Number of protein chains: 2
Amino acid sequence: CNVEFYPSFLDSIHFSPVLLSKAVMSSSSSSALEMEIFQYIDDHQSDFIKDLKEWVAVESDSVQPHLRKEVMRMMVLAADRLAALGATVNSVNLGSHQLPDGRVLPLPSVILGELGKDPQNPTVCFYGHVDVQPAKKEDGWNTDPYTLTEIDGNLYGRGATDNKGPVLAWINAVETFRALKLAMPVNFKFVIEGMEEAGSLGLEKLLEEENQSFFSDVDYIVISDNLWLSNKKPALTYGSRGNACFFVEVECGSKDLHSGTFGGIIHEPLLDLIALLDSLVDSTGCIQIPGIYDGVAALTEEERKLYGSIEFDLEEHRNNCGVKKFLYGTKEEILLHLWRYPSLSIHGIEGAFHEPGIKTVIPAKVIGKFSIRQVPHMDLSVVKQQVAEHLEGVFSKRKSPNTLKVSMPLGAKPWLAGVNDLLYKAARRAIKTVFGEDPDFIRDGSTIPVARMFQTITQKSVMMLPIGAADDGEHSQNEKISRYNYIEGTKLFAAFFLEISKLHRNSHETSHTETIN
Amino acid sequence: CNVEFYPSFLDSIHFSPVLLSKAVMSSSSSSALEMEIFQYIDDHQSDFIKDLKEWVAVESDSVQPHLRKEVMRMMVLAADRLAALGATVNSVNLGSHQLPDGRVLPLPSVILGELGKDPQNPTVCFYGHVDVQPAKKEDGWNTDPYTLTEIDGNLYGRGATDNKGPVLAWINAVETFRALKLAMPVNFKFVIEGMEEAGSLGLEKLLEEENQSFFSDVDYIVISDNLWLSNKKPALTYGSRGNACFFVEVECGSKDLHSGTFGGIIHEPLLDLIALLDSLVDSTGCIQIPGIYDGVAALTEEERKLYGSIEFDLEEHRNNCGVKKFLYGTKEEILLHLWRYPSLSIHGIEGAFHEPGIKTVIPAKVIGKFSIRQVPHMDLSVVKQQVAEHLEGVFSKRKSPNTLKVSMPLGAKPWLAGVNDLLYKAARRAIKTVFGEDPDFIRDGSTIPVARMFQTITQKSVMMLPIGAADDGEHSQNEKISRYNYIEGTKLFAAFFLEISKLHRNSHETSHTETIN
């Protein structure tokens with residue numbers, strides 16, 4: 001399946017590099033105001049790291065049900081932090097949700113915060129999450145995942161980069177203006193949630209409900225929940241893949257069996273499941289589900305050229321992940337397959353023996369878990385149907401008496417932004433000021449469903465402004481953010497406040513002048 | 001692969017049903033002595049169940065390294081119990097062993113016990129184990145696995161039937177003779193270990209070392225570590241399959257990866273592993289490893305006929321395990337495939353995501369675990385080589401840059417006994433006395449490597465005398481032994497002591513008489 005040979009079709013909101021280069025006029029020299037702000041941030045590094053240590057210490061894992069109370073505790077900490085900033089804080093109760101096993105769990109509240117109401121200022125809404133992926137020391141961490149530990153300039157801990165570090169960097173950037181008694185250049189709004197790693201349950205409904213109230217005066221939405229493409233060079237992100245998660249359950253009965261007493265005479269559910277999982281992707285990475293590539297937007301020659309100009313070190317990326325070889329040999333192929341083509345990954349199996357050692361068991365009920373990172377313009381409901389039909393077809397050929405269930409417990413859509421918005425220009429200038437270079441304009445292979453959700457519901461301009469480096473290891477063992485990225489990221493946010501304020505006022509004055517002329 | 005069509009070959013030590021029926025002369029009526037013993041056992045049911053409750057309460061799981069100290073504690077309890085019986089107890093230190101991850105763990109001692117030295121008596125050595133398979137309430141147990149709980153006449157708890165219940169039944173049968181101040185009909189020896197579920201590490205070496213000393217005066221060896229074929233009808237077991245356990249490890253690097261950041265551009269180790277596991281067995285249960293059936297002893301017409309006479313309720317067996325349908329439709333096919341043909345079961349995967357919920361991870365190192373129940377005359381080293389070559393062949397076709405490692409951490413041989421031994425005659429009589437019917441002569445699809453080990457090393461007659469019912473669920477959730485089987489099993493052992501004593505003395509007198517004549 002050579003996914004590049006589809007009829008030509010260009011995404012309508014794809015950006016033009018020509019427009020971008022004309023639009024950006026800022027110099028890389030810092031103003032006196034910026035110098036004062038940056039000095040304050042440098043002087044308060046220890047305080048900012050202490051804040052992060054306190055947040056990382058909370059095991060706010062939203063994936064595992066028994067840790068839900070820790071997520072709740074984390075939400076209280078975050079609300080207190082915003083209140084200390086002087087913000088008005090509203091913790092919105094979202095009710096509860098049901099787990100696949102039938103249990104009902106309370107959802108953490110979503111924090112809606114507001115600070116400043118100057119009508120001259122643009123209103124920037126920041127979204128972040130303070131829940132984390134599961135992590136245990138024995139998964140292979142060198143340090144305790146819930147004790148932020150600095151080694152060689154890196155701050156190790158679960159949530160350090162995804163997403164507690166960036167949330168605190170934003171808060172501390174705001175705090176800096178307050179501490180220096182500076183006029184706030186923008187009005188701030190905050191949306192902080194605790195269910196992002198579990199699919200942002202309840203958030204979409206809340207955004208819809210708040211669209212005419214909380215969001216009515218918001219001009220721009222900023223999310224900082226992804227990483228740069230390189231370890232050193234900053235980036236701005238204008239798109240992300242979606243994620244359709246699937247559970248495939250095969251069951252032969254209610255109890256596990258002994259492989260000596262039943263091995264050789266029954267259709268083992270795990271054998272069925274392994275055959276099903278083995279039918280999904282071939283050894284070249286091509287998804288084998290019939291029709292799955294039909295909805296993928298075709299790549300035009302113009303779009304392909306954009307990929308050539310991105311600075312991306314294949315070797316560095318390979319070193320970051322530790323594999324010996326990628327499926328593709330060129331930078332362009334790698335980026336295309338990460339950003340604008342779908343992929344299918346198998347994550348694991350629930351219900352089978354998974355511990356060290358030997359257990360001669362035939363598991364009675366096993367649940368395979370995989371996900372498809374889907375891209376524009378794949379339709380989630382079509383994908384779901386294609387997957388179910390494919391698996392049912394493979395299963396029926398096995399003539400197994402076992403029970404098959406296919407479900408899609410989570411379906412997040414892809415996202416694509418307009419990169420000529422003021423938001424992107426302001427961020428580009430701020431990056432130039434703090435880091436001395438232009439950012440890469442990139443997409444993200446990961447799913448950030450909130451970006452798509454915010455854009456679709458609020459119709460505001462949404463930008464993703466990452467501060468973590470490519471080797472931060474989000475979702476992995478030894479997740480970290482470097483002290484450099486955390487502190488310079490705080491400066492970047494502060495500089496961005498000034499830039500968006502300036503560009504926003506200019507654009508409004510220009511509109512006004514034009515109206516008079 | 002129709003495994004029944006191999007050149008004709010009959011196992012040399014296969015039993016003849018004609019010989020058996022001639023040899024057994026006992027009636028089913030109980031003697032006064034037996035009545036007295038059975039009455040005592042009935043009167044002390046509560047004490048015997050209390051003993052079992054105390055033993056089940058120890059989480060003596062030998063599979064999971066962190067529970068090794070509980071195994072050690074269990075060995076002390078067992079040694080104390082034998083000492084209280086009046087036995088001489090020797091706890092033999094076996095040193096330590098290395099885990100696959102490099103850690104070194106101490107091995108539990110093996111208990112060698114002795115009680116009685118009457119030269120007129122036969123010496124019967126009983127083997128049992130007091131370690132258990134892993135069990136957690138959340139695996140699907142209705143009761144706490146380590147709190148023996150009686151519901152509707154069944155005693156639920158991990159180890160209740162495998163093997164703590166039978167070990168205590170034997171001890172309590174001996175205790176009964178002591179309590180009633182009866183002459184001991186046999187001299188007792190005990191071999192009690194704590195590593196059976198982890199492959200009886202160190203036991204083989206100990207047996208070899210003790211062969212000329214501890215075992216020199218042993219006449220018979222009895223093991224009670226398996227189940228009846230039916231829920232109601234007693235059985236005697238004369239053979240068991242072996243077990244060759246395999247680990248298949250595929251690794252791409254040292255850390256898990258995010259499926260958004262790397263999905264679509266790397267050769268995922270779990271995809272490789274699933275393809276490898278999927279190559280092992282087809283949907284009809286036939287093992288796909290080339291040459292694997294070459295060593296299987298061929299089935300003769302004479303042998304096939306033996307299977308026809310066994311009382312075995314297919315429907316009951318199906319209900320016990322809860323599956324909708326077996327791979328085969330007749331009793332003979334089912335028993336042949338359980339007892340004298342190899343099977344391959346996949347147990348699970350270590351290193352992948354296995355918890356409830358979703359984790360969008362690409363695991364960096366995954367270990368597939370499967371085992372082959374092999375039969376006479378398959379050669380373990382040949383099987384190991386066939387498996388490794390097959391997997392390496394499948395893997396090389398995938399052109400994956402990942403690392404593959406195949407190992408066989410455990411290889412237990414099959415076992416086949418001589419069923420015309422006095423041992424089997426005595427047990428058959430005892431069963432008739434206690435249960436009022438003849439037993440089924442069966443093999444066991446499970447591996448009991450100690451049976452093979454004891455026979456090979458000591459060259460003594462070895463018998464397996466189960467007291468648990470087919471639906472006891474060893475290795476499964478809700479493992480149990482019924483109160484009936486536990487108590488009648490205790491009587492069976494006591495009756496067996498009397499029968500083997502009588503038959504042994506008779507056979508020795510006969511030999512003497514023959515010499516005189």
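None of these values were measured; they are calculated from a predicted model. Each chain gets a letter, A, B and so on, in the order the sequences are listed, and its residues count up from 1.
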A:Ser371-A:His347 side chain donor-acceptor pair, cut-off 3.5 Å: yes

Within 6.0 Å of NZ in B:Lys397, more than 12 heavy atoms from elsewhere: no

Part of B:Ile334 lying under 4.5 Å from any heavy atom of chain A: both

Toward chain B, the part of A:Asn226 with a non-hydrogen atom under 4.5 Å: neither

Members of residues 362-370 of chain B whose heavy atoms come closer than 4.5 Å to chain A: B:Ile362, B:Pro363, B:Lys369

Geometric class of the A:His317/A:Phe326 ring pair [parallel <30°, tilted 30-60°, perpendicular >60°]: tilted

Check: A:Asp272 and A:Leu404 side chains under 4.5 Å, non-hydrogen atoms: no

Side chain, backbone, both or neither of A:Glu251 within contact of chain B (heavy atoms, under 4.5 Å): neither

Segment of A:Leu227 engaging chain B (4.5 angstrom heavy-atom cut-off): neither

Contacting region of A:Val361 [heavy-atom separation from chain B under 4.5 Å]: both

Which portion of A:Ile358 sits near chain B, non-hydrogen atoms under 4.5 angstrom: both

B:Asn478 (side chain) donor-acceptor with B:Gly473 (main chain) under 3.5 angstrom: no

Toward chain B, the part of A:Gln133 with a non-hydrogen atom under 4.5 Å: side chain

Validation row: B:Asp256, A:Asp139 side chains within 4.5 angstrom (heavy atoms): no

Side chain, backbone, both or neither of A:Glu474 within contact of chain B (heavy atoms, under 4.5 Å): both

Portion of B:Ser400 that has a non-hydrogen atom of chain A nearer than 4.5 angstrom: neither

Interchain contact, A:Cys245 with chain B, by part (heavy-atom threshold 4.5 Å): side chain

Residue B:Thr403 versus chain A: region with a heavy atom under 4.5 Å: both

Region of A:Arg398 in contact with chain B, defined by heavy-atom distances below 4.5 Å: both

Side-chain touch B:Leu327/A:His267, heavy atoms, less than 4.5 angstrom: yes

Portion of A:Thr261 that has a non-hydrogen atom of chain B nearer than 4.5 angstrom: both

Interchain contact, B:Glu268 with chain A, by part (heavy-atom threshold 4.5 Å): side chain

Selection from B:Gln477, B:Lys325, B:Arg318 maximising heavy-atom pairs under 4.5 Å formed with chain A: B:Gln477

Options B:Ala275, B:Ser345, B:Gly445, ranked by heavy-atom pairs under 4.5 Å with chain A, top entry: B:Ser345

Side-chain donor/acceptor of B:Arg241 to backbone N/O of A:Gly260, under 3.5 Å: yes

Whether A:His475 and B:His258 hold their rings parallel, tilted or perpendicular, with breakpoints at 30° and 60°: tilted

